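Note that the structure is a prediction, hence the values are computed from the model and not measured. In listed order, ligands and their atoms are each counted from 1.
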Amino acid sequence: MDIPRIFTITESAHRIHNPFTPEKLATLGAALRLEPGARVLDLGSGSGEMLCTWARDHGTTGVGIDMSSLFSGQAKQRAEELGVADRVEFIHNDAVGYVADEKVDLAACLGATWIGGGIAGTIELLEKSLRPGGIILIGEPYWLRLPPTEDIARGCLAGSISDFLPLPELLTSFADLGYDVVEMVLADQDGWDRYEAAKWLTMRRWLEANPDDDFSAEVRAQLTSEPKRYAAYTREYLGWGAFALMAR
Ligand code: SAH
């Protein structure tokens, strides 16, 4: 069981698999006013940077579930490196339907809301692990500018314009599900550049190290097309943010 190989190639050197910089992740951790000992659940925890740095900076504990064996392994290493291995646990598994044994104070899913079949389903899933009065954290793209055509939406790697909402509508959609949006940290273009442009050097290095791999034609094609696609579409049209929610 694992995620498609292209992601473990292009994002193998990422600590954060979303457009947040380490500074934004720290801002979010501080914004949530986490108490020492607070329990955090993270579905699609990637390489574990959120759980590990928050455990270090705020004394939180946590469990992360991720379907990538590479990223889960990197998360465990990062926990050792930051001296928080006794406080965070990383499980390599499919997070679909995952409910924590013990209720958590903060239940998160950043950049992986397909785990619950979309935002509403993911909130419903996270809610099953959340203590009453706890916070749900969702990381999701939104339209910075509405794409004028479906072709432009696809250039942003969206299936269609309707895949995402503009920010005000996204915030309203949380309210429509019965939640107050109680905090929000948004990525910026520099953060998007860190997320996307970092893949290019990783791809180039991978190609040099794996010239005969079956996958090299696909990686070569991506390295050739991605800088322009990203600059023309994603960078101009797509925003990304983390939204903290509390049930009304
Ligand atoms: N939240 C992390 C990772 C976001 S990238 C961060 O922000 O850094 C999306 C992650 O979801 C990847 O790590 C991928 O391996 C994971 N993923 C995809 N499908 C999954 C599933 N069904 N269950 C658990 N993790 C999944």
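- The nearest protein atom to atom 10 (C) of ligand 1, hydrogens excluded, is given as D66 OD2, 3.7 Å; this is a heavy-atom distance.
- Taking the six-membered ring where the residue is Trp, F174 and F243 present tilted rings, their angle falling between 30° and 60°.
- Heavy-atom proximity to S68, at under 4.0 Å, picks out these atoms of ligand 1: 15 (O).
- A side-chain hydrogen bond (donor to acceptor under 3.5 Å, both in side chains) with E226 holds for exactly one of Q222, R229, K228; it is R229.
- Residue L43 is grouped with residue I136 when hydrophobic side chains (ILVMFWY) are merged at heavy-atom distances under 4.5 angstrom, including chains of intermediate members.
- Under a 4.0 Å criterion applied to the non-hydrogen atoms of D94, ligand 1 contributes the atoms 21 (C), 22 (N), 23 (N).
- Residue, atom and distance of the protein heavy atom nearest to atom 9 (C) of ligand 1 are G111 O, 3.4 Å.
- Protein heavy atom at the shortest distance from atom 20 (C) of ligand 1 is M67 CB, 3.8 Å.
- Of all the heavy atoms in D2 and S69, the pair that sits closest is OD2-OG, 2.8 Å.
- From the protein, the heavy atom lying nearest to atom 3 (C) of ligand 1 is G44 O, 3.3 Å.
- Between H17 and F71, the ring planes are tilted. Angles from 30° to 60° get that label.
- The shortest separation from a heavy atom of Y98 to ligand 1 is not under 4.0 Å, leaving the residue out of contact.
- Within ligand 1, the atoms closer than 4.0 Å to a non-hydrogen atom of L110 are 1 (N), 2 (C), 4 (C), 7 (O), numbered from 1 in the order shown.
- Counting the atoms of ligand 1 from 1 in the order shown, those under 4.0 Å from a heavy atom of N93 are 23 (N), 24 (C).
- When the side chains of ILVMFWY residues are joined at heavy-atom separations under 4.5 Å, either directly or via intervening members, V40 and I91 end up in two distinct hydrophobic clusters.
- Salt-bridge annotation for D213 and R5: present, with a side-chain N of the basic residue lying under 4.0 Å from a carboxylate O of the acidic one.
- Ring planes of Y230 and W192: tilted class, angle from 30 to 60°.
- Here is the list of ligand 1 atoms found below 4.0 Å of a heavy atom in I3: 14 (C), 15 (O), 18 (C).
- Atoms of ligand 1 found under 4.0 Å from any heavy atom of F71 (numbered from 1 in listed order, with element): 13 (O), 15 (O).
- Checked for salt-bridge contact, R204 and E208 meet the test: a charged N lies under 4.0 Å from a carboxylate O.
- Between D180 and R248 there is a salt bridge, with a side-chain nitrogen of the basic residue lying less than 4.0 Å from a carboxylate oxygen of the acidic one.
- For the pair H17 and ligand 1, the shortest N or O to N or O distance falls below 3.5 Å.
- For the 3.5 Å distance criterion, the side chains of E169 and Y142 fail to qualify, holding no donor opposite an acceptor.
- At under 3.5 Å, a nitrogen or oxygen of W114, whether backbone or side chain, sits near a nitrogen or oxygen of ligand 1.
- In this structure, the protein non-hydrogen atom closest to atom 7 (O) of ligand 1 is N18 ND2, 2.6 Å.
- When heavy-atom distances to ligand 1 are checked against a 4.0 Å cut-off, F7 has no atom that comes that close, whether in backbone or side chain.
- Close approach to A95 involves these atoms of ligand 1, each under 4.0 Å from a residue heavy atom: 21 (C), 23 (N), 24 (C).
- Considering both main-chain and side-chain atoms, A112 never comes within under 3.5 Å of ligand 1 through any nitrogen or oxygen pair.
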